[in-house]
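These figures come from a predicted structure and were not determined experimentally. Only heavy atoms go into these numbers, but all of them, side chains included; no hydrogens, no water, no symmetry mates. In this chain, numbering begins with 1 at the start of the sequence shown. In each ligand, atom 1 is the first atom listed, and ligand 1 is the first ligand listed.
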Amino acid sequence: MLLRMMVVVGMGTRPMEYRVAQLEALGRFLEEKKQDILEATGDTRGRCWGAEQLGQGTALRSWSFLQMTQLDSAFIRKDPYGVVLIIGPWNYPIHLLLGPLIGAIAAGNCVVIKPSEKAKNTGRLLAESLGCYLDSDCFAVVTAGVQETTRLLENKFDYIFFTGSPSVGRMVMAAAAKHLTPVTLELGGKNPCYVSDTCDVRSVARRLAWGRFFNAGQTCVAPDYVLCTLEMQEKLMPALREAITEFYGSNPRESPDFGRIVGQKEFQRIRALLCSGRVAIGGQTDEKDLYIAPTVLADVLPSDPIMQEEIFGPILPIVVVASMDEAIDFINERPQPLAIYTFSSDSKVSRTSSGSFCGNDTLTHMILTSLPFGGIGCSGLGRYHGKFTFDTFTHQRGCLHRNMGLEALNTLRYPPYSQQKLGF
Ligand code: NAD
């Protein structure tokens, strides 16, 4: 049953007429089964049938309650959660800590900031300097490795904002669950990029190469792999080679604009992925320099090692598919990614699901503060950027301040209940 639901969602359940019809059917159920509902729920409330009827009345005849509250004041108070923990990754160590911090401060929270131990200099800078600018009673930087962070997470925070890998995200969420602490999880994943047969290949190659090789491929929203036809793969190769040379010169190792892998362990992991498919561009590595050339792999199979994990390095595999429909099936058979990219005029991509989407480019959607940024499923939970960051760190407290007058109007909700009183 669950499997069937997974197939239907996103297609069958989206049209507005469908949703309205289902809600109307639910209304009919409540109306036609009123008596059965009262009898069925009576066993759990000592036969206090009036309470259920009152509950139904709230939903179905809310106008009467509106009358009761006309002289009252109803408002939403935007409260801070309290003490927030922000844990950041190493790859954009300032942006990914201070972005959430701005929202947390704006919403009125106290904040503990935990930079990545892999971005040592940034961690030190923040620990040494931030206290000179911010109120140190309310904002603290904790430089901690894995063990200390594990202990830090044993404390009860009021909100945890985590950016990092899905595996660590699971641990953070498990630690938060012990205190029922709400979380935002900004995670990674494999972002597909579909290229249709009818695009301007040169522009596609430049936009694709920029997104993939920026920061040596160590960007959470980087296009992780390309899906296209065999014909397009052949056209893309020379165009990608040209784009890489245009950006980084004939020897990218000497380019000041091409980065290095963050550490030895990460280097070895990424280098091991080069055994997939056929190296069509690049492929050179130098462990001492933590250098992996901008690389494109052709004819990669779905079963190849590079297709089993987030690459997070400067390698772009191309997986050949026969059509856009096959590409969509390929994407839908895998965990929901942080971003989906398409170079195509076809809107069929709405049959997929991802944290975000960008048509005819890569990465640029995340620059817009008017768009929420975040994952779905394995790529994360929650959203931020711009006003969404403020909302993330804000508890919207529904408040009603009642008028003490007009007590007679309240008679309707007080027992004893009768059929006449409840209007049926
Ligand atoms: P990571 O998960 O290894 O580390 C992230 C943070 O978690 C660090 O501060 C680290 O100290 C801490 N940490 C690591 N292991 C821990 C543990 N066992 N218990 C508690 N805390 C622990 O990630 P990373 O290598 O720094 O960054 C790369 C990952 O982050 C990639 O998967 C990338 O896609 C993802 N990422 C996501 C976004 C986003 O906005 N969605 C942005 C950047 C990076």
Next on the checklist: Tell me the nearest of Ser116, Gly164, Gly123 to atom 35 (C) of ligand 1, using heavy-atom distances.
Outcome noted: Gly164
Checklist entry - Nearest heavy atom to atom 41 (N) of ligand 1: which of Thr219, Asn191, Ile311, Leu187 does it belong to? => result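 Closest candidate by heavy-atom distance is Leu187.
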Which of the numbered atoms in ligand 1 are below 4.0 angstrom from a heavy atom of [X]?
X      : answer
Val168 : 2 (O), 7 (O), 13 (N), 14 (C), 15 (N), 16 (C), 17 (C), 21 (N), 22 (C)
Thr163 : 5 (C), 37 (C), 38 (C), 39 (C), 40 (O), 42 (C), 43 (C)
Glu117 : 10 (C), 11 (O)
Cys220 : 33 (C), 34 (O), 36 (N), 37 (C), 38 (C), 39 (C), 40 (O), 41 (N), 42 (C), 43 (C), 44 (C)
Thr149 : 20 (C), 21 (N)
Phe312 : 28 (C), 31 (C), 33 (C), 34 (O)
Gly88  : 5 (C), 6 (C), 8 (C), 9 (O)
Ile87  : 6 (C), 7 (O), 9 (O)

I'd like to check whether [X] has a polar contact with ligand 1, where a contact means an N/O of the residue lying under 3.5 Å from an N/O of the ligand.
X      : answer
Tyr384 : no
Ser165 : yes
Leu153 : no
Trp90  : yes

Under 3.5 Å side-chain donor-acceptor pair for [X] and [Y]:
X      : Y      : result
Asp197 : Thr229 : yes
His365 : Ser356 : yes
Gln268 : Glu287 : yes

[X] and ligand 1 - part of the residue with a heavy-atom distance under 4.0 Å:
X      : result
Gln218 : neither
Leu96  : side chain
Glu186 : both
Val262 : neither

Checklist entry - Counting only non-hydrogen atoms of the protein, does one fall under 4.0 Å from atom 4 (O) of ligand 1? => result no
Checklist entry - Is the Phe161-Phe393 ring centre distance short of 6.0 angstrom? => result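 Yes; Phe393 has its ring centre under 6.0 Å from that of Phe161.
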Item to check | side chain to side chain contact (heavy atoms under 4.5 Å, CB included) partners of Asp361, counting only residues at least two apart | outcome: Arg207, Cys358, Thr364
Item to check | Derivation of the side chain to side chain donor-acceptor pair (under 3.5 Å) call for Gln336 and Ser354 | outcome: CA-CA 5 Å; Gln336 291 148 299; Ser354 59; over 6 Å; no
Item to check | Matching residue for Tyr291 among Asp286, Ile261, Thr285 - test: side chain to side chain contact (heavy atoms under 4.5 Å, CB included) | outcome: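 Result: among Asp286, Ile261, Thr285, Asp286 is the only option passing the side chain to side chain contact (heavy atoms under 4.5 Å, CB included) with Tyr291.
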Checklist entry - So among Ile102, Thr184, Thr392, which one has a side chain to side chain contact (heavy atoms under 4.5 Å, CB included) with Tyr384? => result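 Answer to the side chain to side chain contact (heavy atoms under 4.5 Å, CB included) test with Tyr384 among Ile102, Thr184, Thr392: Thr392.
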Next on the checklist: So, 4.0 Å and heavy atoms of Tyr92: is ligand 1 close enough to count as a contact?
Outcome noted: no
Item to check | Cationic N near anionic O, under 4.0 Å, Glu117 to Lys120 | outcome: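 No, Glu117 and Lys120 are not salt-bridged.
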Checklist entry - Between Glu17 and Arg14, is the closest basic N to carboxylate O distance under 4.0 Å? => result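 Looking at Glu17 together with Arg14, the answer is no, because their closest N to O distance does not fall below 4.0 Å.
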May I have the list of side-chain donor-acceptor pairs in residues 126-135 shorter than 3.5 Å, sequence neighbours left out?
unit_1 : atom_1 : unit_2 : atom_2 : d
Ser129 : OG     : Leu125 : O      : 3.1
Asp135 : OD1    : Asp137 : N      : 2.9

